[in-house]
Structures are given as C-alpha cells and as structure tokens.
Amino acid sequence: MNIRQVFAANPEGLLTIFYTAGYPQLDSTVTVARHLEAAGVKLIEIGMPFSDPLADGVAIQHSSEVALRHGMNLDIMFKQVAEITRTTGLTVVLMGYLNQLLTVGAENFLQACRQAGVSGLIIPDLPMDSYAAEYQELFHRYEMAISFLITPRTGEKRIRLADQLSSGFLYLVADNSITGREEGHFSNNQIAYFQRIKEMKLSSPTLIGFGITTADQYFLTKKYANGAIIGSKFIRKLSTTGAVSRQAIAGFIESVTRN
Amino acid sequence: MKNPDKNGFYGEFGGAFIPEMLYPNVAELQDNYLAILHSDTFREEYRKLLRNYVGRPSPLYESPWLSARYGARIFLKREDLNHTGAHKINNAIGQILLARALGKQQIIAETGAGQHGVATATAAALMSMDCKVFMGEIDMARQAPNVERMQMLGAEVLPATSGSKTLKDATNEAIRYWINNPGSYYLIGSVVGPHPYPDLVTRLQAVISEEISTQLENNFGQAKPDYVIACIGGGSNAAGAYYHFIDDSEVQLIAVEAGGQGIASGKSAATSQLGRMGIIHGSKTLLMQDDYGQITEPYSISAGLDYPGIGPLHAHLIKTGRSQVYSITDEEALAAGMVLSTHEGILPALESAHALAVLEYTRFKPEDIVVINLSGRGDKDLQTYLQYHKNKHK
Ligand SMILES: Cc1ncc(COP(=O)(O)O)c(C=O)c1O
C-alpha cells in the first residue's frame with residue numbers, strides 16, 4: 001500500500017514507528033520491521049544513518065553513530081528495505097538528510113528507493129521551494145511521495161504550501177525542537193496548535209511527531225490528526241533491550257497504544 | 001560575484017538548507033540583515049567600536065625581509081594586532097550589534113580552536129549579553145587555555161560530545177540548541193552556514209579589504225594590489241581580504257587551504273581538492289565526504305583550518321577560476337611561521353602561516369604588490385611552535 005492508501009485503510013489512526021537502519025545491530029533492520037508488523041504497526045519510518053543529523057537529539061544521533069560504526073551504508077540499507085517490503089505488508093518511508101541524496105545523485109537515489117519498494121521520503125533539510133524548483137518532477141516520475149514538516153511557528157501560508165506539496169503525509173512537529181525532547185504530555189499551547197491545524201481542514205493526512213512517549217499522547221494525536229510518530233522513545237527501548245526481541249517490541253507497542 | 005543572489009546562491013553554491021524548525025529564525029535574519037547593516041546607527045556604532053575597541057584600522061606593513069626574499073613588494077595586513085588577536089572580532093562585534101538590533105538577549109556560538117569563541121565571549125561581555133559557546137570535547141582538551149579564557153569572559157562553554165567531537169559537531173550542537181531555543185541569536189564564526197550568514201559575515205569582514213585599498217592608495221599611491229593571499233578554513237578572513245577586489249579581475253586572489261600531512265595522506269583539510277558538492281550546516285558547497293555522503297573528519301595542525309567544508313563564496317570563486325587555490329602542509333606552515341618570527345619578529349597564527357608559506361610556490365614581478373592577510377597572532381600556537389623548534393634542533 002502506498003502512503004495515502006494506508007491512511008485510507010486505517011481511518012481510526014496510525015501509530016508510526018521510527019527507527020534507525022542498522023541499529024542496534026547491522027542486520028536487525030529487517031527483524032525490527034517484522035516484529036513491528038506482528039505488533040500491528042502498518043507504517044514505518046526508517047532513518048538513514050547520517051554523520052551530522054542536525055534535526056536529531058541524542059537518542060537518534062547515538063543510534064546513527066552506532067549504525068555507521070557497524071558499517072551501515074545506503075547499499076546495505078536498500079537491500080534490507082527491499083527485504084522488508086518484499087516479505088511484509090509494511091509501508092516504508094525513509095528519513096534522511098539531503099546530502100545523502102546529493103552524493104549519489106537525486107535520480108539514482110530515487111531509483112534505488114523505487115526498486116526497494118520505498119513509498120516515500122522525509123528530508124528535513126530540503127526546503128519546500130528547492131523541492132518545488134528542482135526535485136518535484138523527479139519525485140513524481142519515480143512515484144516517490146514526500147512529506148514536509150510544519151512546526152508550531154510555521155505560518156498559515158507555508159502550512160498551505162506544505163500541504164499542497166506533500167504527497168505523503170504532513171508531518172506536524174509537536175514542538176519547535178529537535179527530536180527526543182520528551183515531556184510525556186502535551187502542553188495547552190501544543191493542543192491549541194493541533195486544534196488550529198485540524199481546523200484548517202488540510203488535504204494531506206497528518207501525523208504528529210517529536211517527543212511523543214505515552215499512550216495518552218497517542219490518543220490525543222488521533223483526535224487532532226491521523227496519528228503519531230514515535231522515534232526516540234522506541235530507539236531507547238531498542239538500546240536497553242540490546243537484542244531485538246519480539247516480546248519487547250510487542251510490549252512497547254502495547255504500552256503506547258493501550259487505552 | 002561578491003554577493004549572493006536573493007536566495008543566497010553564489011552560482012550553484014550557497015542557499016539555506018535548513019529544517020522547518022529553523023525557518024522563522026533564518027527568515028528573520030534574511031529579511032533584516034541588510035537594512036540593519038546599512039542603517040546609520042549600526043554603521044556609526046560598528047565603526048566606533050572597530051576603531052576604539054578593536055584597534056582598527058590594522059596596519060598594512062611592508063615586510064622588507066619577505067620582499068627581498070620573494071622579489072616583490074610584500075605587505076602584511078596585520079589582523080593579528082586586533083583585540084583578541086585575530087580577524088574574528090570584526091565579525092563578532094558586527095553580529096552582536098545585529099543581535100541587539102533584533103532584540104536578542106542570548107548569544108550562542110561554535111568554536112574550534114577557541115578564537116571565535118573568545119571573540120564572541122568578548123563581544124558578549126562588552127554588551128552584557130548571555131553567551132554560550134559550543135566546543136567539541138576533543139578541542140576543549142586541545143585548547144584548554146581558550147576554554148578558561150571564555151569562562152573568564154563570562155561565557156558558558158558547552159562540550160559537543162556527538163560525532164567526531166570537533167568543530168563541525170560544535171556547529172551541529174549550536175544549531176540544535178538554536179532550534180530548541182529560537183529566541184537566541186546564533187553568532188556564526190565564518191562565511192559558512194545557511195543564507196544570509198555567508199554574506200553577512202563577508203560584509204562584516206570586508207572592512208579588511210576596504211582598509212587595504214585605502215592604505216595602499218594613501219601611502220603608496222595605488223588603490224589596489226596585484227595579489228591578495230589568505231588562508232581558508234571556512235573562509236572569513238579571505239572573504240574579507242578579497243571583498244573590494246572580487247569584481248576587479250586585475251587583482252589575483254589566492255586561497256590557501258590546509259594540506260595537513262599531504263593531500264593524499266588521508267590527513268588533510270584541503271576541502272576544495274578533496275571535497276565534492278554537498279550540504280553542510282545548511283549550505284550547498286564543497287565538502288569532504290565519503291561515497292555515501294557521510295561527512296568526513298578533516299585534519300590540520302591548525303585548528304582554525306580544520307573544517308570539512310568551505311564557504312559557498314569560495315567554492316564559487318574556486319570553481320569559476322576567480323581564485324586560485326593552493327594547499328600547504330603542516331610542516332610548510334610551521335616553517336613559514338618560524339621564518340616570520342625570526343626575520344620580522346612577528347609570530348603568526350598557524351592558520352596565517354599557511355598563507356605565508358604559499359610564497360614558496362608563487363612567482364612575482366619585482367613591482368608587484370602582494371598583500372598577505374595575517375589573520376591572527378601565534379600566541380595560541382606557542383606550544384606547537386616550540387615543539388617544532390625543539391625537534392628541528394635535536
Ligand atoms: C587566526 C585565524 N585565521 C584563520 C582562521 C580560519 O577561519 P576563516 O577561514 O573563517 O578565516 C581562524 C579560525 O579560527 C583563525 O583563528
């Protein structure tokens with residue numbers, strides 16, 4: 001299923017899990033995906049480890065460093081992702097930084113994504129105007145969806161633009177922050193922001209992410225958006241369990257989805 | 001060519017490749033920096049501080065020894081005589097005035113060797129502003145005296161413990177802090193980062209070339225040099241020394257990168273030769289990276305040249321052939337620094353010593369006017385020089 005289809009098929013909302021390719025072990029990427037699927041997850045976001053992840057906090061930085069130390073690279077990652085999309089029903093979105101596309105060439109990169117069955121990309125340091133001017137046509141040609149980020153400080157005009165340009169979902173960054181700043185609850189300001197976005201009746205499905213850790217928060221994201229993305233909290237879980245176990249992952253998903 | 005287009009591009013280099021979280025901050029700067037820089041209040045106060053606090057104009061000194069040795073009229077632009085010992089203060093003072101005009105209370109900065117950190121902490125002390133300096137954990141150990149100096153100036157020095165724990169990681173940490181604390185002002189130390197920083201820092205350092213031009217005219221009856229030579233880490237002292245001459249093709253611009261232990265040694269910081277197009281700290285430019293786009297750690301004996309990227313203006317000048325780039329090894333730089341110390345009584349910063357060393361590779365006509373930007377003084381590098389001196393005479 002592509003991104004829009006997976007949202008259409010899950011109108012009650014989606015819990016999306018982010019984790020880093022090659023973490024905690026080089027070859028755990030596929031296993032983690034299988035366990036997530038077994039736990040009921042439909043959409044996953046896989047981080048492409050990068051040496052200089054500007055928008056990420058310590059948990060994701062650390063997972064990227066470990067993955068790179070293990071020897072993770074784009075070739076290995078695309079093989080693993082291809083296996084995930086071939087052997088599971090998961091919809092896969094990749095998240096990485098623009099330099100990773102530019103180095104191999106945007107077209108080569110998109111071709112590799114397509115071959116591996118990737119449905120979409122999130123590239124936090126790719127500005128909307130640059131996407132529209134230089135990459136949109138290429139993304140269309142390779143049927144690769146893109147999801148733009150908006151924050152509590154993004155103005156209405158830019159929100160409309162992000163909505164219009166996003167062919168995947170719209171990523172509502174919960175707080176103006178890097179990833180991993182975890183409060184455990186939403187402030188009134190955050191709720192007001194979610195409400196404001198909801199009232200804009202945007203055309204893209206929306207997911208709320210950054211700093212989400214609890215079931216209460218997940219339930220609120222379903223009220224104001226189409227669900228949540230949990231990253232740092234899950235990665236911390238993977239690191240404390242070390243070996244990737246089906247029970248630990250099922251337990252984690254249950255802990256953040258149980259009413 | 002000396003200023004970017006409205007999107008911050010110098011040819012194909014530059015721009016602002018930043019996450020949405022930073023968009024309002026960067027847009028605020030983009031929308032306001034030129035108006036503030038051109039305002040009478042800013043210009044007046046900036047000039048006043050440069051004169052009375054920094055000690056400008058810095059002398060343009062004709063070096064008899066170098067002139068005789070290399071067969072041209074060789075001048076040193078003495079940025080080493082500035083308060084805090086390098087050109088970095090020109091930028092720090094300018095940006096702190098800009099921060100104040102924007103109503104900011106807290107300054108953040110990155111630093112490698114500590115020179116920009118010290119300049120920023122100094123400017124913040126002068127303006128009674130809160131100041132946080134991010135510095136790689138490894139650099140903090142290597143440059144301990146500068147850490148203490150910043151602390152004495154009232155700044156908080158925060159270790160960058162991510163990645164390779166050096167300058168690029170300190171820059172990452174500063175940007176992350178800026179995302180989480182959008183009310184702070186990020187005072188970047190070179191002509192790098194997202195638009196408008198490369199242009200902003202270039203314009204603030206342009207006081208160097210403006211003075212060179214005036215000094216040559218007033219004292220030597222010639223408004224422009226034949227050559228301007230400067231070292232390049234991110235490229236701010238070079239951008240400042242070139243600025244007023246960039247559009248004059250009769251002035252030859254020479255850029256000197258740190259070759260480290262040699263271009264092919266795997267321990268080098270010669271970005272324009274070893275780098276490829278990519279994105280670093282929000283700017284599209286040449287940078288050192290592997291085949292998968294992972295940014296690699298550069299090496300140079302001089303911490304100020306130890307940056308895996310290069311300002312987009314310089315990437316453009318080099319790519320279009322407007323500036324000519326050389327690389328100088330650790331050994332060559334140390335030797336050139338020692339020579340200047342012995343024969344002129346001036347101990348240059350190791351960064352600046354790279355610019356001096358290029359004289360061994362260039363040919364001049366006797367009447368040529370050659371200006372070398374002596375970006376800083378070598379006090380901070382004394383230990384390294386002493387070690388070199390000892391080893392040579394063993
Ligand atoms: C004395 C001196 N020169 C040069 C540099 C390199 O910076 P830039 O290339 O921005 O002039 C530094 C940086 O710390 C420095 O301290």
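The basis for the numbers below is simple: all heavy atoms, side chains too, and nothing from hydrogens, waters or symmetry mates. A, B, ... follow the sequence lines: proteins, then strands. Residue 1 opens every chain.
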(Q) Check D163(A) with R160(A), please: is the shortest side-chain N to carboxylate O separation under 4.0 Å? (A) no
Q: Would you please go through residues 98-107 of chain A and name the residues with a non-hydrogen atom below 4.5 Å from one of chain B, in numerical order?
A: L98(A), N99(A), Q100(A), L102(A), T103(A), V104(A)
Q.
Tell me whether Q289(B) contacts the main-chain N or O of R276(B) through its side chain, where contact means a donor paired with an acceptor under 3.5 Å.
A. yes
Q. Are any of the side-chain nitrogens in K104(B) or E28(B) under 4.0 Å away from the carboxylate oxygens of its partner?
A. yes
Q | Heavy-atom proximity to chain B below 4.5 Å, by part of M48(A) | A | neither
**Q.** Contacting region of F210(A) [heavy-atom separation from chain B under 4.5 Å]
**A.** side chain
Q | Close side-chain approach of Y307(B) and I280(B), heavy atoms under 4.5 Å | A | yes
**Q.** Residue-level interface, residues 157-181 of chain B with chain A, non-hydrogen cut-off under 4.5 Å
**A.** S162(B), G163(B), K168(B), D169(B), N172(B), E173(B), I175(B), R176(B), I179(B), N180(B)
Q.
Quick check against the 3.5 Å criterion: does T120(B) have a side-chain atom that pairs as donor or acceptor with the backbone of A92(B)?
A. no
Q) Any idea which heavy atoms bring L286(B) and G275(B) closest together, and the distance? A) CD2-O, 4.4 Å
Q.
Using a 4.5 angstrom heavy-atom cutoff, name the option from G278(B), G282(B), P194(B) with the most pairs to chain A.
A. G278(B)
**Q.** Part of Q294(B) lying under 4.5 Å from any heavy atom of chain A
**A.** both
Q: Please answer whether the main-chain N or O of G15(B) pairs with a side-chain N or O of K284(B) as donor and acceptor at a distance below 3.5 Å.
A: no
Q.
Please rank T151(A), L54(A), V58(A) by heavy-atom pairs under 4.5 Å with chain B and give me the top one.
A. L54(A)
Q.
For residues 65-83 of chain A, give me every residue with a non-hydrogen atom less than 4.5 Å from any non-hydrogen atom of chain B.
A. E65(A), L68(A), N73(A), L74(A), D75(A)
(Q) Tell me the closest heavy-atom pair linking T285(B) and F13(B), and the distance in Å. (A) CA-CD2, 3.7 Å
Q) Mind checking whether M1(B) and T320(B) have side chains closer than 4.5 Å, heavy atoms only? A) yes
**Q.** Donor on one side chain, acceptor on other, E110(B) and Y186(B), under 3.5 Å
**A.** yes
(Q) If you define the side chain from C-beta out and look only at heavy atoms, does anything of T202(B) sit under 4.5 Å from K2(B)? (A) no
Q: With the side chain counted from C-beta on, respond yes when Y135(A) and I123(A) share a heavy-atom pair under 4.5 Å apart, and no when they do not.
A: no
Q. Contact part of Y23(B) toward chain A, heavy-atom cut-off under 4.5 Å: side chain, backbone, both or neither?
A. side chain
(Q) Non-hydrogen contacts under 4.5 angstrom with chain B: give the residues of residues 176-207 of chain A involved, or none if there are none. (A) N176(A), S177(A), I178(A), R181(A)
Q. Between Q95(B) (side chain) and I188(B) (backbone), is there a donor-acceptor pair under 3.5 Å?
A. yes
Q: Indicate yes or no: at least one non-hydrogen side-chain atom of I36(B) is less than 4.5 angstrom from one of L102(B).
A: yes
Q) Picking from L287(B), N25(B), T296(B), D290(B), which has the most non-hydrogen pairs under 4.5 angstrom with chain A? A) N25(B)
Q. Which heavy-atom pair separates P308(B) from P298(B) by the least distance, and what is that distance?
A. N-CG, 3.6 Å
Q | Check: Y19(A) side chain, T29(A) main-chain N or O, donor-acceptor pair, under 3.5 Å | A | yes
Q.
Within the 4.5 Å heavy-atom criterion, are L43(A) and V93(A) side-chain neighbours or not?
A. yes
Q | F234(A) vs V32(A) side-chain heavy atoms within contact, under 4.5 Å | A | yes
Q. With a 4.5 angstrom heavy-atom cut-off, which part of P49(A) approaches chain B: side chain, backbone, both or neither?
A. backbone
Q) Short question: side chain of S190(B), backbone of G235(B) - any donor-acceptor pair under 3.5 Å? A) yes
Q: Look at T154(A), L126(A), D175(A), I150(A) and state which one has the largest set of heavy-atom pairs under 4.5 Å with chain B.
A: T154(A)
**Q.** Reported CZ-to-CG distance for the pair R203(B) and N91(B), which is rounded to 0.5 angstrom
**A.** 14.0 Å
**Q.** Test item: K319(B) and E12(B) side chains (from C-beta on) under 4.5 Å apart, heavy atoms
**A.** yes
